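What follows is one structure encoded as structure tokens, with my remarks underneath.
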Amino acid sequence: DVVRLITTRMPISSVGIRRLKLFVMMEIEDRDFLNTPPKKTVRFGGTVSNTLAKLQKGDTSDYELIKHQLSDPDIKKLPWLGRSQAVVEEYLAFLSNLVSAQTVYLRACLRMVVSNFAPKRIRIQEGNVDISDSDDEDENLPRTFDQCHQALQLIARYVPSTSRFLMPILSDKFPFVQKSSRTLECYVHNLLRVSVYIPDLRRDILELIISKMLTLDVSAPRSEIEEVESGAQQDANGVSQDDCLFDMDEEEDSPLDSSRPDRAVMVHPVAERLDTMMTVLLSYIKDICHVNGSLDIEKTKALYRDLLSVFDKVVLPTHASCHVQYYMFYLCSFRLGLAEAFLDHLWKMLQAPNQPPVLRQAAAGYMGSFMARAKFLPVSTVKACLDLLVPWLHLYINSQDSGSKAFCDVNLHGPFYTACQAVFYTLIFRHNSILEGNMKKGLAYLQGLNLERIVMCQLNPLRVCLPAVTNMFAAITRKYQLVFCYTIIERNNRNLLPVVSCSTGGSSVSTNTNPLDTFFPFDPYLLKSSGKLIEPIYQAWEDLVSSENILYHFDLVSQGSMEEEDDFLHGDSVVDMTPGSYDSHLHSPRSVGSPPVSFLQRPF
């Protein structure tokens, strides 16, 4: 009432009225607010209420001081979050008036809102020494985030160009990837919430998140994660953790996080951060695609297009990522049409001569790994893909047989060799499902592929494929009398040239057993919490072994030429012979933890 009375006596803008009213309300709620100054404080010479009372009596000096202070652009923003509902509503009204009347403040308002997308850090000091530095685990954090999104939606409603200014701020404010899992989890969750009510930004937001996740993914090699996690098992049995290999920064997540007792925590700190972000992303995908428990086809197709665009732009060109690409694997499990569309997309990229060879090879690798590992993919779809791949290989051989380049060269024929390996890898995993039910019909189909011509051609694909894939494929095709590969394998091993490498420690001689620089993008998933969503739809090698119960024999190959390579393949059981990436130990996914039931696991 006092504000209303004053504004009738002295001209002031609607924004000024809102701001003045807000100061009064906040002073009433918290008398000490103005006595806890930030870096630059508002000094009025008296309380706002006293100033307004003086104004009623004709004394305008303090009021002019208020007007001067409120017009200072450098004063800190008001701490409105966590206040009473009346104060929050008044602040939101002030914010909407400000950005609609003075768009010059739009960026500042957006930065203010986005800066609250992650929990604050709480530092407790004694002297100049930090004795505690942790995330704020305020129980009102969900309410704080809701208020931030309410403010952002208001701004977007009043300023249609908000999305153009918001995306650079979202990128700039993204926490450093070595921040705590909690910080990354909150920020990613809030970004995904933004994509729901500002859909024009969804593709850019997904690209930003997935790019950051890839940074984590490639910095945590599979062998490193396996080593640390297996070491943690030994630590649990009494081995000291004093010699931990990873102490990356002061915000490293503790593997014994008491604040999340229900969470299956990764000991490897980078893997733990990635696991947290993957859990949020996969939950988002599920929530967007399902409405009341049923798949919404149109929403799913729209999200598929956005995620596929991000896949082409940032995932496919990234070599040796282990986990991030599984978002496409998970999405495709929702409906067979999505999986077939993904395979068709990869197939078109593989056979497109205008695409860079490295991307064509990556597409072939994704095709083979997807067909081998996707449990939700029926054998009819696998056969349909083979019916595209194998004739293409034969046509390629036809085009090269009479030419001057009909010899083994990875640089000349990289896409061809990668496609051959994709076919071999797929048959290793899928031959049993092709043959089961009707052995005679299945064998006729495999014989019709004319694999012998591919293996025996002058381009010699067995020479450049991974030894594990080559030997497993040879064993299976020999068992069913489709192709006899061992003569070629022996000849290739005799002609395998050693590679001399020099370093400060001297020279060493080795053989390049991975000339294609192959990696299988859907090798076993190692992250524990998000892995619970992948495990039911994933075809593990051990499952095939237990169901088929076949022991493969390699004794037909010369022991002298194969002795070193067979170290990777020999074992008491075929579980040790999984044909996966060259440098991985290829165990089944060790996904034994469940995602935490927290405020972040809720519909977007």
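Remember, it's a predicted structure, so these values are computed and weren't measured experimentally.
How far CG of Asn493 is from CD1 of Ile489: 7.5 Å, rounded to the nearest 0.5 Å. Annotation: the span from Gln351 atom CD to Arg360 atom CZ amounts to 9.0 Å, rounded to 0.5 Å. Within the model, atoms OH of Tyr284 and CZ of Arg202 stand 5.0 Å from one another, a figure rounded to the nearest 0.5 Å. Put simply, NZ on Lys532 and CD1 on Ile534 are 12.0 Å apart, with the number rounded to the nearest 0.5 Å. If you take CG on Leu184 and CG on Leu274, they are separated by 10.0 Å, rounding to the nearest 0.5 Å. The CG atom of Leu343 sits 7.5 Å away from the SG atom of Cys332 when rounded to the nearest 0.5 Å.
Summarising the geometry of Ala339 relative to Leu377, their closest heavy-atom pair is CB-CD1, 3.8 Å, with the distance given to 0.1 Å. Residues Ile397 and Ile454 share a closest heavy-atom pair of CD1-CA, 3.9 Å. Residue Arg273 comes nearest to Gln178 through the heavy atom pair NH1-OE1, 3.0 Å, listed as atom of the first residue, atom of the second, then distance. The two residues Val324 and Met278 make their nearest non-hydrogen contact at CA-SD, 4.0 Å. Minimum interatomic distance between Pro461 and Val455 (heavy atoms only, all atoms of both residues): CD-O, 4.2 Å. Here the shortest heavy-atom pairing between Tyr330 and Leu282 reads CE2-O, 3.5 Å.
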side-chain contact (heavy atoms from CB on, under 4.5 Å) between Tyr480 and Leu435, intermediate numbers included: CA-CA 10 Å; Tyr480 295 106; Leu435 295 172; 3.4 Å; yes
Stepwise, does the side-chain contact (heavy atoms from CB on, under 4.5 Å) test hold for Phe520 with Arg373? CA-CA 10 Å; Phe520 294 96; Arg373 296 294 193 172; over 6 Å; no
Thr276 vs Thr279, side-chain contact (heavy atoms from CB on, under 4.5 Å): CA-CA, chis, key distance, verdict: CA-CA 5 Å; Thr276 299; Thr279 300; 5.8 Å; no
Are Leu192 and Leu206 close enough, and set up right, to give a side-chain contact (heavy atoms from CB on, under 4.5 Å), and what steps lead you there? CA-CA 8 Å; Leu192 292 173; Leu206 289 170; 3.9 Å; yes
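The shortest distance between side-chain heavy atoms of Cys485 and Phe473 falls below 4.5 Å. Taking 4.5 Å as the limit, some side-chain heavy atom of Ile297 sits within range of a side-chain heavy atom of Arg335. Looking at heavy atoms from C-beta onward, Glu272 lies in side-chain contact with Val265 at the 4.5 angstrom threshold. Counting heavy atoms from C-beta outward, Lys313 and Ser309 have side chains that stay 4.5 Å or more apart. Side-chain contact between Leu443 and Met439 is present, with at least one heavy-atom pair separated by less than 4.5 Å. Looking only at side-chain heavy atoms (C-beta outward), Leu427 and Leu451 come within less than 4.5 Å of each other. Between Phe174 and Leu191, the closest side-chain pair of non-hydrogen atoms falls below 4.5 Å. The shortest distance between side-chain heavy atoms of His290 and Asp296 does not fall below 4.5 Å.
Remark: the Glu226 side chain and the Ser230 side chain contain no N/O donor-acceptor pair separated by less than 3.5 Å.
Side-chain N or O atoms of Arg222 include one that pairs as donor or acceptor with a backbone N or O of Pro524 at under 3.5 Å. Listed for the Asp275 side chain is a donor-acceptor partner under 3.5 Å among the backbone atoms of Ser530. His431 places no side-chain N or O within 3.5 Å of a backbone atom of Ile476 that could act as its donor or acceptor partner. Asp217 contributes no side-chain N or O that, together with a main-chain N or O of Met213, makes up a donor-acceptor pair within less than 3.5 Å. Judged purely by atom type and a 3.5 angstrom limit, Gln421 uses its side chain to pair as donor or acceptor with the backbone of Leu466. A donor-acceptor pair under 3.5 Å links the side-chain atoms of His268 to the main chain of Ala271, judged by distance alone.
Partners of Phe311 according to the ring pair (Phe, Tyr, Trp, His ring centres under 6.0 Å) rule, which considers only residues two or more places apart in sequence or in another chain, are Phe342, Tyr366. Partners of Thr300 according to the side chain to side chain contact (heavy atoms under 4.5 Å, CB included) rule, which considers only residues two or more places apart in sequence or in another chain, are Cys289, Leu295, Leu331, Leu338. Among residues two or more places apart in sequence or in another chain, the ring pair (Phe, Tyr, Trp, His ring centres under 6.0 Å) test is passed with His345 by none. Applying the ring pair (Phe, Tyr, Trp, His ring centres under 6.0 Å) criterion to Phe376, with sequence neighbours excluded, gives Phe329, Phe370. A search for side-chain hydrogen bond (donor to acceptor under 3.5 Å, both in side chains) contacts involving Asn450 returns nothing, not counting sequence neighbours.
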N/O donor-acceptor pairs under 3.5 Å from side chains in residues 383-394, not counting sequence neighbours:
from: Asp387; atom 1: OD1; to: Tyr445; atom 2: OH; distance (Å): 3.0
from: His394; atom 1: ND1; to: Arg453; atom 2: NH1; distance (Å): 3.0
from: His394; atom 1: NE2; to: Leu449; atom 2: O; distance (Å): 3.0

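In this structure, Lys375 fails the cation-pi test against Tyr538, since its NZ or CZ atom is not both closer than 6.0 Å to the six-membered ring centre and inside 45 degrees of the ring normal.
For Arg203, the CZ atom counts as densely surrounded, since its 6.0 Å shell holds more than 12 non-hydrogen atoms of other residues, nucleotides or ligands.
Aromatic ring pairs are classed by plane angle as parallel below 30°, tilted from 30° to 60° and perpendicular above 60°; the pair Tyr425 and Phe429 is tilted.
One finds a salt bridge joining Lys528 and Glu229 here, because a Lys/Arg side-chain nitrogen approaches an Asp/Glu carboxylate oxygen to under 4.0 Å.
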